[in-house]
Structures are given as structure tokens and as C-alpha cells.
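Okay, so here's the structure we're looking at.
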There are 2 protein chains.
Amino acid sequence: MADTREKILDVAEELIRSVGVNAMSYKHISEAVGIRKASIHHHFPKKDDLVDELLNRCQTSYGAHYASIIEGDDPAPDQLRNLARIFEDGLVTNKLCVVGSISTDRNTLTDRTCELLENNISSTVRIFSKVFAKGEKEGTLVFSGSADDAAYTFLSFLIGTQIVARAQGGKEFFNKAAKLMIEALSR
Amino acid sequence: MADTREKILDVAEELIRSVGVNAMSYKHISEAVGIRKASIHHHFPKKDDLVDELLNRCQTSYGAHYASIIEGDDPAPDQLRNLARIFEDGLVTNKLCVVGSISTDRNTLTDRTCELLENNISSTVRIFSKVFAKGEKEGTLVFSGSADDAAYTFLSFLIGTQIVARAQGGKEFFNKAAKLMIEALSR
DNA sequence: TAGTCCCAACCTACCAGAAGGTAGGTGGCG
DNA sequence: CGCCACCTACCTTCTGGTAGGTTGGGACTA
């Protein structure tokens, strides 16, 4: 089956979002997929291979998701709210964003994985940046620094608030923070 | 020696800040402290005991550190900058804030630890909140929602930006984001 | 003051289970 | 026939944790 591979990636993604890279194991995956541990190694010889491919897949899939929000005609602040909602939705199942989860374990990763992580963040910032550039032009958003700086700040905020909200406050607190944050950037 | 205990906590703190709770092991600690693994268990029978006590210690020590900044007479935006600097300093040695690191591994922790984590965050928010209440009164800070909401937002931002900056951009990016964030909250 | 007792702090030696990973075999399909 | 996807069986290393022994200093007593 060609989509066993995808199934493995799906399960790995959920596990990483829930318990982190280091607590995620081939044993867990094999049980969830219904396949033997050695068979996972057939698809992804090393754990790093799995993580690396997952990071690539996320860059594509989430990138498309973010882009679909941004390409619409909504005012920039609404688009920020829609982006925040993606992170808020993760909290329903107590799950973090893949990049946030992996970034926290950065010091246990290979150089290659760190590089992919950097690319992933840069790529996401570049996408988010469009909202801020647009908002600045529209006059709906105001911030000091470049649109890239604002995008980086907003992404970091979302990742951090998701982590903190899962530990304390949940969805409601996440929402209050997102509202406050977006209004602080709005005019 | 009575401070072997403290030494263990010191090493555990650094390890958690660097690689996270799950990648931190009694073996690592024993090597760094210069004591046998079983001796760590003498001081902290279970790993949870260690983490729990560390979380308590941090609440006290960081709480005092935060409070010392906030009790000064600086304008609120300057105080926010000083708080941000604490998180920025961690990046020099590639280390995260203890609470941020542990929060990310929340789903692998005991109920008791989760509870302490919640208390720790609430307590920090309560301290940060004073800056925002003061800033609102002074007219130096403007935000929608309560001072607690703003404190929660700012703390989440700092934790998130520290995580993201360690993975991409480093100190410079952290600084740019903090500047933008504080200016978005300033009047 | 000497004896002894206790206890904290450390040690060696061990355990079971989980980790990532490998070797080599089997079955089915093009 | 050959190959892909899967299997069983196994390896090493690390994991948190336990059992039980050694040591040295403080306190209590004869």
C-alpha cells in the first residue's frame, strides 16, 4: 500500500503534536498504524528521516492552508483572526502546532532537521508577511518595523500562546489573548 | 552535603531548558553532578518529584526576579523591555524558559505536575499584570481587555518568541519582535 | 570520655521495559 | 524472476527505578 507511508506520517504528526518528538516512538506509531515496528523502518530507516519528511510535508500542507486564508479579500485583521483560529482549533484536542512542538526539542535534533525547521519557519513568515503588508497598505494594521518582523512576531505569539494555553487557560484564554494581540496591531 | 540537592536541581534546570523534560535523564544529571545515578534517586525518588520541586523553585526564584523589575519606578514600557531581556538572555546559551519547555511536554506529565505548572503560569501572570495595570494608569500602555489578559498575552508572546527565535533568527530576531510587540502595546 | 547507635548520603549491582535499529526471511504481484 | 512491503527475531543502549551494603558524623547514654 502506497498510503501506509502517509498513514505513518499522519500518526507521527498527531503524536508529535501531542507529546513531542522525543516522547513519540516507533512503537507508538506501529501500534496506531497496525503494522510492525520494523516495517516503519522500511519506510523511514531512521527517526530523523521521518521527522524531516514530516517537516517538509507540513511546510506544504500548512503553507497551502495559510495561503488560502490570505489570498481571500477579507480585511487584514479578519485574516489574522482566521489564522489564529487554526491554532485555536488544535487546542480542542490538546495538540500543538508541529513547528512549535519540534522547535522546543531543537537541541536534540540533527543539523539537517534544524535546517528544515528554519526553512519551515522562514517560509511561514513569508506567507504571514503578506497579510501585514496588505494591512499596512489598507491602513487596517499598524506596527513598527517591517511586515516580515510583524509576521515573525505574530507567528511566535500564536505558537507561544498555544503552548501556554494548553497548559493553563485553554481555548478561552487563547481567544482573549488573540483578540488583544490583533487589536494591538489594528488601527 | 546539603547543597547536593540544589546542585541536582541546578543541573536538571539547565538540562530541561536545553533539551526538555523527556530528553533529560538521571544519567545526564549524575554525570554532571559527579554522583551515581542511584544517589539522585535518594534525593528525588521519582523523576516527577524532581520536576515538581524544580517547578516550585522556579516559581519562587523567577517570581522574585520578575518582581524586582516591576517594583522599580521605570515607566511600564521600560519594565516590559527588562522582562523581555530575561528571555533574550536565555538565547545566548540556547536555553528556554523552564515553564515554556515543560509546558510543551505537558501531555507526558502527571496530573500533579500539570497542576503545579498551571499555578506557576497563573502566578507569573499575576506578577506581570502589575506592569500593565500601572501602564494603563500612567497612560503609557494601551490594550483591549484586562491587565491580566495583557499579562497573559505578553508572557505567551515571550515564551513563544524564545522558542521560535532559538530555532530561527536568534537574539536579533527576538529583539525585533519584542520591540514591535512592546510598541504595539505602548501609547 | 568512650562506646554504641542511628541515620543521612552515598555506593555497587541489579532489574524490566522501552528505545532505535538490523538481519534476514516470506508472500504476493507485475 | 525480481522486487516491494511486510514479517519474526534479535541486538545494544538507555530508561526510571530498586535492593541492599558502606561510611562517617552527631547524639544519646553508661
Side-chain angles (χ1 to χ4, degrees), chain A residues 1-55 57 101-102 104-114 116, chain B residues 1-55 57 101-102 104-114 116:
Chain A
M1 250 181 260
D3 51 14
T4 296
R5 207 185 155 79
E6 289 303 305
K7 214 169 160 186
I8 292 169
L9 286 167
D10 289 344
V11 169
E13 182 172 336
E14 295 310 294
L15 279 169
I16 286 177
R17 292 180 57 194
S18 174
V19 299
V21 195
N22 289 314
M24 177 268 287
S25 76
Y26 272 35
K27 199 191 177 195
H28 291 137
I29 298 175
S30 73
E31 282 161 3
V33 175
I35 212 182
R36 297 297 160 150
K37 192 164 69 82
S39 307
I40 315 278
H41 282 283
H42 170 71
H43 293 280
F44 303 98
K46 314 269 166 174
K47 200 181 174 182
D48 305 319
D49 298 325
L50 214 193
V51 176
D52 289 359
E53 187 151 332
L54 189 60
L55 230 24
R57 198 180 75 153
S101 178
I102 294 183
T104 312
D105 292 327
R106 198 208 92 108
N107 285 3
T108 66
L109 306 173
T110 64
D111 291 350
R112 170 93 186 118
T113 309
C114 287
L116 291 172
Chain B
M1 249 181 260
D3 50 16
T4 295
R5 208 186 154 79
E6 288 303 306
K7 215 168 160 187
I8 292 168
L9 286 166
D10 289 344
V11 169
E13 181 171 338
E14 295 310 295
L15 280 169
I16 287 177
R17 293 181 57 193
S18 174
V19 300
V21 195
N22 289 314
M24 178 268 286
S25 75
Y26 272 35
K27 199 191 177 197
H28 291 138
I29 299 175
S30 72
E31 281 160 4
V33 175
I35 213 182
R36 297 297 161 149
K37 192 164 68 82
S39 307
I40 316 279
H41 281 283
H42 169 72
H43 293 280
F44 303 98
K46 314 268 166 174
K47 201 181 175 182
D48 306 320
D49 299 326
L50 215 192
V51 176
D52 288 359
E53 187 151 333
L54 189 61
L55 231 24
R57 199 181 73 153
S101 178
I102 294 183
T104 312
D105 291 327
R106 198 207 92 108
N107 284 5
T108 66
L109 306 173
T110 63
D111 290 350
R112 169 94 186 117
T113 309
C114 286
L116 292 172

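All values below were derived from every heavy atom in this structure, side-chain atoms included, with hydrogens, water molecules and symmetry-related copies excluded. Numbers restart at 1 for each chain; the letters A, B, ... are given by sequence-line order, proteins then strands.
In this structure, a donor-acceptor pair under 3.5 Å is absent between the side chains of Ser39(A) and His42(A).
For the OP1/OP2 pair of dA9(C) and a distance below 4.0 Å, the side-chain nitrogens and oxygens of Lys7(B) include no atom meeting the criterion. Between dA9(C) and Ser39(B), no contact under 4.0 Å exists linking OP1 or OP2 to a side-chain N or O. Between His43(B) and dA8(C), a side-chain N or O to OP1/OP2 separation shorter than 4.0 Å is absent. Under 4.0 angstrom from either OP1 or OP2 of dC6(D) there lies no side-chain N or O belonging to His42(A). Taking 4.0 angstrom as the limit, Thr4(A) places a side-chain polar atom (N or O) nearer than this to OP1 or OP2 of dC6(D).
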Close N/O contacts between protein and nucleotides 9-15 of chain D (under 3.5 Å):
| from | atom 1 | to | atom 2 | distance (Å) |
| --- | --- | --- | --- | --- |
| dT15(D) | OP1 | Ser25(B) | OG | 3.1 |

Distances for protein N/O vs nucleotides 28-30 of chain C N/O pairs under 3.5 angstrom?
none

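For the pairing with Val21(B), the side chain to side chain contact (heavy atoms under 4.5 Å, CB included) check across Ile102(B), Thr108(B), Thr104(B) returns one residue only, Ile102(B).
Atom pair Ile35(B):CD1 and dA9(C):P shows a separation of 10 Å (rounding to whole Å applied). Remark: C1' of dG25(C) and CZ of Arg36(A) are 15 Å apart, rounded to the nearest angstrom. Atom CD1 of Ile40(A) and atom P of dC6(D) are 9 Å apart (whole Å). Computed from coordinates, the Phe44(A) CZ to dT22(C) C1' distance equals 18 Å when rounded to whole Å. Taking atom CD1 of residue Ile29(A) and atom P of nucleotide dG21(C), one finds them 11 Å apart after rounding to whole Å. One atom, NE2 of His41(A), and another, P of dG20(C), lie 7 Å apart when rounded to the nearest Å.
The salt bridge (Lys or Arg N to Asp or Glu O under 4.0 Å) pairs that include a residue from residues 9-25 of chain A are Asp10(A)-Arg57(A), Glu13(A)-Arg57(A), Glu14(A)-Arg17(A), Glu14(A)-Lys95(A), where partners are two or more places apart or lie in different chains.
The main-chain N or O of Gly34(B) is never found under 3.5 Å from a side-chain atom of Lys7(B) such that the two would form a donor-acceptor pair.
Applying the ring-ring contact (aromatic ring centres under 6.0 Å, His included) rule to His41(B) yields the partners Tyr26(B); only residues at least two apart in sequence or on another chain are considered. Thr113(B) pairs by the side-chain contact (heavy atoms from CB on, under 4.5 Å) definition with Val51(B), Asp52(B), Leu55(B), Leu109(B), Thr110(B), not counting sequence neighbours. Shown here are the side-chain hydrogen bond (donor to acceptor under 3.5 Å, both in side chains) partners of Ser18(A), two or more places apart in sequence or in another chain: Asn107(B).
Distance check: Leu50(B) CG to His43(B) NE2 gives 10.5 Å after rounding to the nearest 0.5 Å.
For Leu54(B) against Ala12(B), the heavy-atom pair with the smallest separation is CD2-C, 4.2 Å.
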